[in-house]
Undergrad: 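I am attaching a structure below and will ask some questions about it afterwards.
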Amino acid sequence: MSPSDTPTSDDRFAPCTGAAIQALRRTPPFAELSDEQAARVLGVAERRQVARATRLIRAGDPADFLFLVLRGRFTVMAGGQAIADIGAGEPIGEIGFFAGGARSADVVAARGSEVLMLGREAWNAVAQEVPGIAQAIMASLARRLATTSRGARALRPRAARCVALCGEVPPRVIAALRAGLPDWGVIEAGAADPRARQQQIEAEGRKVLFVAPSAGMLTEVDEVFDFAPLASSGARNRAPLPPGTMAQLVLWRDRADQPIGGTAALRQARQVAQHHHVALDQPADLDRLVRFVDGRALGLVLSGGGAQGTAHLGALKALGEHGMTFDMIGGTSAGAAMGAALALGRDPDMVMDLCEEIFLRSKAMGRYALPKYSILDPALYDAALREHFGLWDIEDLALPFFAVATNLSANDVAILDSGPLWQALRASTSIPVVFPPWIDGAGNVLVDGAMIDNAPILAMRARKPGPAILLNMLRDTDWRSARGYESLPTRAGTAWEVLSTPWRRGSGEGGFPTAISVLSRVFNVNAQRRLRGVDAPGDVMIDIEPLAGMAYLDWTKSRAQFDASYRAFSRALEQASAAGESPADPVAMMRATKAALPWAGPKGG
């Protein structure tokens with residue numbers, strides 16, 4: 001690619017100014033340059049302004065140029081998937097440039113950006129001027145390769161470095177963001193020369209917060225938080241954001257006791273990636289918004305586990321008592337159901353009572369069916385889900401939430417983050433054979449998410465930057481049968497076992513593996529195999545041991561499981577607190593808590 005072929009919003013090269021020298025010094029290879037050296041480098045290189053959504057590099061083109069990002073942000077795309085994110089101070093295209101040959105991926109500007117272009121002759125001149133530049137470029141390349149080789153998956157979102165607030169932004173929100181982001185540079189509406197101010201703040205290595213910028217400046221930011229009062233139609237009727245804008249919708253209301261509703265229509269009208277509900281009289285809501293803007297929102301991921309999943313509730317009760325809060329919740333199967341109740345604002349004790357009401361007193365899993373579609377008649381279970389979750393759509397929950405199901409029609413995972421909440425939970429908990437599958441509006445056949453992703457930490461990562469905490473129900477690593485195949489009971493013997501011991505509780509110590517115990521084990525094998533391939537920088541994955549002898553669907557022991565988990569996490573949290581850890585650093589606190597649990601092992605982040 002020649003310089004004239006490089007896509008740009010302005011084909012004129014920028015002059016060598018003091019701001020240009022500052023921007024050059026923010027790139028690590030040039031950090032120690034004198035003014036004279038920086039001016040000479042800028043004299044042999046070429047600077048380009050690149051508009052958002054413009055392709056800087058096209059896969060298959062000759063690798064004739066090395067680029068250094070002076071300002072802005074770029075995304076590396078391969079096979080239609082974002083695989084890397086490149087920001088100010090990082091090189092672009094160095095592999096192809098040094099190795100020769102053609103470009104292997106597309107590189108697209110994520111926002112209005114500026115790059116330094118170095119051809120072969122310019123590179124040779126710079127390499128002579130700055131002896132250590134080659135080693136610095138190679139070090140940056142090594143870091144990027146190490147990051148991408150740890151997991152060849154879709155790019156984990158990177159926290160925005162330049163954020164804009166637009167729409168009807170309440171003064172209380174602006175005050176909360178100023179207080180919660182003291183190191184950010186704030187550019188108010190109507191500021192003189194906002195682009196120059198933005199460049200100055202970024203040159204100082206700080207993040208930028210625009211308040212009500214002009215429409216033209218929205219192309220110069222990484223992300224937009226679009227504000228509207230929940231009770232109005234303002235979010236629906238405003239002019240659309242510029243094409244390609246990464247946007248999150250913030251729907252605010254004056255008081256927490258005002259009901260949430262109609263979110264789905266507002267989201268669809270604004271075409272946003274995420275949304276948030278904020279009650280202005282709730283400091284916790286404002287703090288959560290600050291964490292989302294800053295890219296450090298804390299996610300909670302709850303694995304499936306049947307009745308054993310009440311251990312999540314015990315853990316969360318202890319975590320809440322020690323000041324831990326979460327900003328987004330996702331889960332599979334039982335973890336989805338319990339996470340949804342928490343997203344509704346119910347405390348863990350209340351959710352535990354609800355579990356006993358549904359599964360013990362109402363016996364939602366107590367009515368057998370003719371075994372054509374399932375072992376159980378789902379009518380009681382469906383009625384219980386409608387009663388307790390049927391009033392809400394997922395979009396109207398106070399906290400962002402998703403449930404995971406398995407889409408047998410698409411042979412893939414299904415992330416359920418919209419529509420009726422009870423239906424998402426019914427799909428996520430549709431244990432194959434035990435319950436009939438859920439059929440969605442498009443005819444997709446959905447079953448329990450544990451079949452494909454029992455611990456959906458990767459789904460949480462895809463939704464936000466910032467850390468995640470996974471609570472994962474563990475199974476014994478050495479699962480064997482004391483009885484050989486020849487001991488499989490006859491039809492009459494099986495009938496007696498079913499009559500004398502409810503199928504939900506298994507066949508007892510040393511019994512021949514039951515259909516449900518085998519199915520739960522299949523879930524576990526897939527989950528643990530998947531987790532072994534997950535690298536967890538910044539996340540914490542905590543295994544929880546179920547009660548000894550407790551079967552997958554034995555709800556008679558669910559209260560005991562809840563209490564045991566609560567006691568174990570309470571003791572571990574007390575030890576973490578005594579060691580000086582606090583919720584102010586949730587990852588450090590959870591790592592210390594994990595290490596203090598009685599079953600602690602080496603697995604996890």
Undergrad: Hey, is the main chain of Phe292 close enough, under 3.5 Å, to the side chain of Arg296 for a donor-acceptor pair?
TA: no

Undergrad: What do the steps show when you test His277 against Leu230 for side-chain contact (heavy atoms from CB on, under 4.5 Å), and what is the final call?
TA: CA-CA 8 Å; His277 289 288; Leu230 178 63; 4.2 Å; yes

Undergrad: Check for a donor-acceptor pair, side chain of Glu395 on one end and backbone N or O of Gly262 on the other, with a separation under 3.5 Å.
TA: no

Undergrad: Which value, rounded to the nearest 0.5 Å, describes the distance between Asp543 atom CG and Asn472 atom CG?
TA: 5.0 Å

Undergrad: Check Ala159 against Gly295 and note the closest heavy-atom contact, atom names and distance.
TA: CB-CA, 3.8 Å

Undergrad: Is it true that the side chains of Asp412 and Asn407 contain a donor and an acceptor less than 3.5 Å apart?
TA: no

Undergrad: Would you say Lys594's side chain and Met541's backbone share a donor-acceptor pair under 3.5 angstrom?
TA: yes

Undergrad: Test your reading of the model: is there a side-chain donor-acceptor pair from His276 to the backbone of Leu289, 3.5 Å cut-off?
TA: no

Undergrad: Spell out, as yes or no, whether a donor-acceptor pair under 3.5 Å connects the side chain of Ser333 to the backbone of Gly335.
TA: no

Undergrad: If a pair satisfies side chain to side chain donor-acceptor pair (under 3.5 Å) and one of its residues is in residues 565-580, list it, with sequence neighbours excluded.
TA: Glu321-Tyr566

Undergrad: Yes or no on side chain to side chain donor-acceptor pair (under 3.5 Å) for Trp184 and Asp294, after CA distance, side-chain angles and deciding distance?
TA: CA-CA 9 Å; Trp184 286 49; Asp294 200 25; 3.3 Å; yes

Undergrad: So Leu408 and Leu446, side-chain contact (heavy atoms from CB on, under 4.5 Å) or not? Walk me through it.
TA: CA-CA 6 Å; Leu408 297 182; Leu446 305 179; over 6 Å; no

Undergrad: Roughly how far, to the nearest 0.5 Å, is CG of Asp453 from OG of Ser303?
TA: 10.5 Å

Undergrad: For Pro546 and Leu474, which heavy atoms make the closest approach, and how far apart are they?
TA: CD-O, 2.9 Å

Undergrad: I'd like to check Tyr552 versus Ile431 (side-chain heavy atoms, cut-off strictly below 4.5 Å). Are they in contact?
TA: yes

Undergrad: List the residues meeting salt bridge (charged side-chain N to carboxylate O under 4.0 Å, His left out) with Lys317, not counting sequence neighbours, and say none if there are none.
TA: Asp349

Undergrad: Roughly how far, to the nearest 0.5 Å, is the CZ atom of Arg463 from the CZ atom of Phe402?
TA: 5.5 Å

Undergrad: Could you check whether atom CD of Glu357 has more than 12 heavy atoms from other residues, nucleotides or ligands sitting under 6.0 Å from it?
TA: yes

Undergrad: Using 0.5 Å steps for rounding, measure from the CG atom of Leu313 to the CE atom of Met338.
TA: 5.0 Å

Undergrad: Would you say the side chains of Thr263 and Asp396 form a donor-acceptor pair under 3.5 Å?
TA: yes

Undergrad: Taking all non-hydrogen atoms of both residues, which atom of Val301 and which atom of Ala455 are closest, and how far apart?
TA: CG1-C, 4.3 Å

Undergrad: Checking Leu209 against Leu165 for the side-chain contact (heavy atoms from CB on, under 4.5 Å) test, could you report, in this order, the C-alpha distance in whole Å, the side-chain angles of both residues, the deciding distance, and whether it holds?
TA: CA-CA 8 Å; Leu209 182 68; Leu165 312 180; 3.9 Å; yes

Undergrad: Would a 4.5 Å heavy-atom cut-off, applied to side chains only, mark Phe435 and Thr429 as touching?
TA: no

Undergrad: Checking Arg288 now: which residues fulfil side-chain hydrogen bond (donor to acceptor under 3.5 Å, both in side chains) with it, not counting sequence neighbours?
TA: Asp285

Undergrad: Just how far is it from atom CD of Gln561 to atom CH2 of Trp555, taken to the nearest 0.5 Å?
TA: 10.5 Å

Undergrad: Is there a side-chain contact between His275 and Pro400, using heavy atoms and a 4.5 Å cut-off?
TA: no

Undergrad: Lys557 versus Thr310: any side-chain heavy-atom pair under 4.5 Å?
TA: no

Undergrad: Keeping Asp539 on the side-chain end and Ala468 on the backbone end, is there a donor-acceptor pair under 3.5 Å?
TA: yes

Undergrad: Do the non-hydrogen side-chain atoms of Cys162 and Phe210 ever get within less than 4.5 Å of each other?
TA: yes

Undergrad: Between atom CE of Met324 and atom CG of Leu300, what is the distance when rounded to the nearest 0.5 Å?
TA: 9.0 Å

Undergrad: Within the structure provided, determine whether Val290 and Leu181 are in side-chain contact (heavy-atom separation under 4.5 Å).
TA: yes

Undergrad: Kindly write out the residues that satisfy salt bridge (charged side-chain N to carboxylate O under 4.0 Å, His left out) with Glu356, not counting sequence neighbours, or none if the list is empty.
TA: Arg559

Undergrad: Got Ile544 and Phe569 here, is their nearest side-chain heavy-atom distance under 4.5 Å?
TA: yes

Undergrad: Of all residues at least two apart in sequence or in a different chain, which pass the salt bridge (charged side-chain N to carboxylate O under 4.0 Å, His left out) check with Asp222?
TA: Arg73, Arg111

Undergrad: List the atom of Ala336, the atom of Phe401, and the distance in Å for their closest heavy-atom pair.
TA: O-CZ, 3.4 Å

Undergrad: Could you check whether any side-chain heavy atom of Asp393 comes within less than 4.5 Å of a side-chain heavy atom of Leu421, counting everything from C-beta outward?
TA: no

Undergrad: Arg267 and Ala273: which non-hydrogen atoms are nearest, and at how many Å?
TA: NH2-O, 3.4 Å

Undergrad: Tell me whether Arg172 contacts the main-chain N or O of Leu280 through its side chain, where contact means a donor paired with an acceptor under 3.5 Å.
TA: yes

Undergrad: Provide the closest heavy-atom pair for Arg426 versus Pro436 in the form atom of the first, atom of the second, distance.
TA: NH2-O, 3.1 Å

Undergrad: Stepwise, does the side-chain contact (heavy atoms from CB on, under 4.5 Å) test hold for Leu302 with Thr332?
TA: CA-CA 7 Å; Leu302 303 176; Thr332 295; over 6 Å; no

Undergrad: Which residue pairs pass the ring-ring contact (aromatic ring centres under 6.0 Å, His included) test with at least one member in residues 303-346, sequence neighbours excluded?
TA: none

Undergrad: Taking Asn454 for the side chain and Gly304 for the main chain, is one N or O donor matched with an acceptor at less than 3.5 Å?
TA: yes

Undergrad: Here's one to test your reading of the geometry: is the NZ or CZ of Arg346 within 45 degrees of the ring axis of Phe389 and under 6.0 Å from its centre?
TA: yes

Undergrad: Are Arg253 and Asp281 within salt-bridge range, i.e. N to O under 4.0 Å?
TA: no

Undergrad: With no hydrogens and no angle check, just 3.5 Å: does a side-chain donor-acceptor pair link Asp382 and Trp422?
TA: no

Undergrad: Kindly say whether Ala307 contributes a backbone atom to a donor-acceptor pair with the side chain of Ser558 at under 3.5 angstrom?
TA: no

Undergrad: Could you check whether Arg386 makes a cation-pi contact with Tyr381, meaning its NZ or CZ is under 6.0 Å from the centre of the six-membered ring and within 45° of the ring axis?
TA: no

Undergrad: Can you tell me if Thr245 uses its side chain to pair, donor with acceptor, with the backbone of Ala247 under 3.5 Å?
TA: no

